[in-house]
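To keep things clear, I will list the structure first and then write my remarks on it.
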Amino acid sequence: MPNPPDPASLPPPFRWRIRVYWEDTDAGGVVYHASYLRFLERARTEWLRAHGIDQTRVREEHGIVFVVRDLAIEFLRPARLDDEVDACVTPVRRRAASLEFAQALERVGDGTALVRATVRAACVEADGFRPAPIPRLLAERLADG
């Protein structure tokens, strides 16, 4: 993935608050690494909703879905049972058939950075998973945000 732009040039991140439950942790009460991916996914989904984009409706009306194409993740500090975590989403780049995001997970209260990630979501046909351009209406909604 290409290097993202300077963070100072990006808009403030969208934030989605998450509580860590037992199901998210290992036997020691520390968040299991795959749970962080779910937290990042939820935040991207809610970011789309905040832009008026419901993924089920997009699939039904446009015949496309967004899938993770690639992901780079840094695990900085552990989250633990009962922590509140802000899952942050910052759109970095929109191309004809993909969206790139800078994402972070931060512990609420002390602001500790837990995870940093760069995620590229590709737009693909719902049937067949071939690359597809992002529909104009969706691209306009995303540009307005």
Side-chain angles (χ1 to χ4, degrees), residues 1-25 31-145:
M1 258 191 275
N3 291 329
D6 174 21
S9 70
L10 298 173
F14 171 85
R15 293 178 177 273
W16 185 255
R17 180 111 350 131
I18 294 167
R19 169 84 61 190
V20 175
Y21 298 111
W22 276 116
E23 66 192 29
D24 302 315
T25 66
V31 171
Y32 181 65
H33 71 278
S35 295
Y36 293 111
L37 298 177
R38 287 193 302 272
F39 298 164
L40 297 173
E41 178 75 29
R42 290 176 197 165
R44 287 192 310 278
T45 296
E46 295 303 332
W47 177 83
L48 286 169
R49 275 186 220 275
H51 286 83
I53 298 171
D54 176 280
Q55 292 186 79
T56 301
R57 197 142 111 241
V58 166
R59 180 187 173 110
E60 292 168 357
E61 293 177 6
H62 299 280
I64 57 107
V65 295
F66 291 99
V67 298
V68 172
R69 172 67 172 90
D70 47 59
L71 166 91
I73 189 165
E74 275 186 281
F75 299 100
L76 305 170
R77 298 273 187 268
R80 299 181 186 279
L81 179 66
D82 287 329
D83 278 352
E84 280 188 300
V85 175
D86 274 348
C88 305
V89 178
T90 304
V92 172
R93 190 173 289 114
R94 181 173 50 87
R95 294 192 171 132
S98 69
L99 302 166
E100 187 178 325
F101 301 95
Q103 289 198 253
L105 298 173
E106 300 171 354
R107 187 174 10 259
V108 175
D110 65 7
T112 299
L114 306 171
V115 167
R116 278 193 298 250
T118 302
V119 180
R120 184 168 43 137
C123 182
V124 298
E125 295 172 356
D127 299 327
F129 282 75
R130 289 177 299 279
I134 298 170
R136 192 183 88 248
L137 175 62
L138 299 183
E140 288 170 0
R141 283 188 188 162
L142 296 173
D144 291 341

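The shown structure was predicted, so the numbers you read here are calculated from the model rather than taken from an experiment.
- For the atom pair Asp70 CG and Glu100 CD, the distance stands at 8.0 Å (nearest 0.5 Å).
- Scored by the side-chain contact (heavy atoms from CB on, under 4.5 Å) test, Thr112 finds Arg77, Arg107, Asp110, Leu114 as partners (sequence neighbours excluded).
- To the nearest 0.5 angstrom, Asp54 atom CG is 9.0 Å from Glu61 atom CD.
- Side-chain contact between Arg59 and Asp127: present, with at least one pair of heavy atoms (C-beta onward) separated by less than 4.5 Å.
- A donor-acceptor pair under 3.5 Å is absent between the side-chain atoms of Arg17 and the main chain of Asp86, judged by distance alone.
- Side-chain contact check for Leu138 versus Ile64: some heavy-atom pair is nearer than 4.5 Å.
- Contact between Ala97 and Ala132 at its shortest, heavy atoms only, is CB-O, 3.2 Å.
- Identified under the ring pair (Phe, Tyr, Trp, His ring centres under 6.0 Å) test for residues 61-96, with sequence neighbours left out: Tyr36-Phe75.
- Phe39 is listed as a side-chain neighbour of Val31, based on a closest heavy-atom distance under 4.5 Å.
- Under 3.5 Å, the side chains of Arg38 and Ser35 contain a donor-acceptor pair of N or O atoms.
- The ring pair (Phe, Tyr, Trp, His ring centres under 6.0 Å) pairs that include a residue from residues 86-114 are Trp47-Phe101, where partners are two or more places apart or lie in different chains.
- Interatomic distance, CG of Asp82 versus CH2 of Trp22, reported as 8.5 Å (0.5 Å rounding).
- In this structure the side chain of Arg80 never reaches within 4.5 angstrom of the side chain of Thr25, judged on heavy atoms.
- Across Leu142, Val119, Val92, a single residue satisfies side-chain contact (heavy atoms from CB on, under 4.5 Å) together with Leu99, and that is Leu142.
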Evaluate the side chain to side chain contact (heavy atoms under 4.5 Å, CB included) criterion for residues Ile73 and Leu40: first the C-alpha distance (whole Å), next the side-chain angles of each, then the deciding distance (0.1 Å), finally the verdict. CA-CA 10 Å; Ile73 189 165; Leu40 297 173; 4.0 Å; yes

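- With sequence neighbours excluded, the residues satisfying side-chain contact (heavy atoms from CB on, under 4.5 Å) with Val67 are Val65, Ala122, Val124, Phe129.
- The side-chain contact (heavy atoms from CB on, under 4.5 Å) search around Arg136 returns Glu140, not counting sequence neighbours.
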Does the pair Arg44 and Glu41 meet the rule for a salt bridge (Lys or Arg N to Asp or Glu O under 4.0 Å), with working shown? CA-CA 5 Å; Arg44 287 192 310 278; Glu41 178 75 29; 2.5 Å; yes

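- Applying the side-chain contact (heavy atoms from CB on, under 4.5 Å) rule to Leu76 yields the partners Glu74, Ala113, Arg116; only residues at least two apart in sequence or on another chain are considered.
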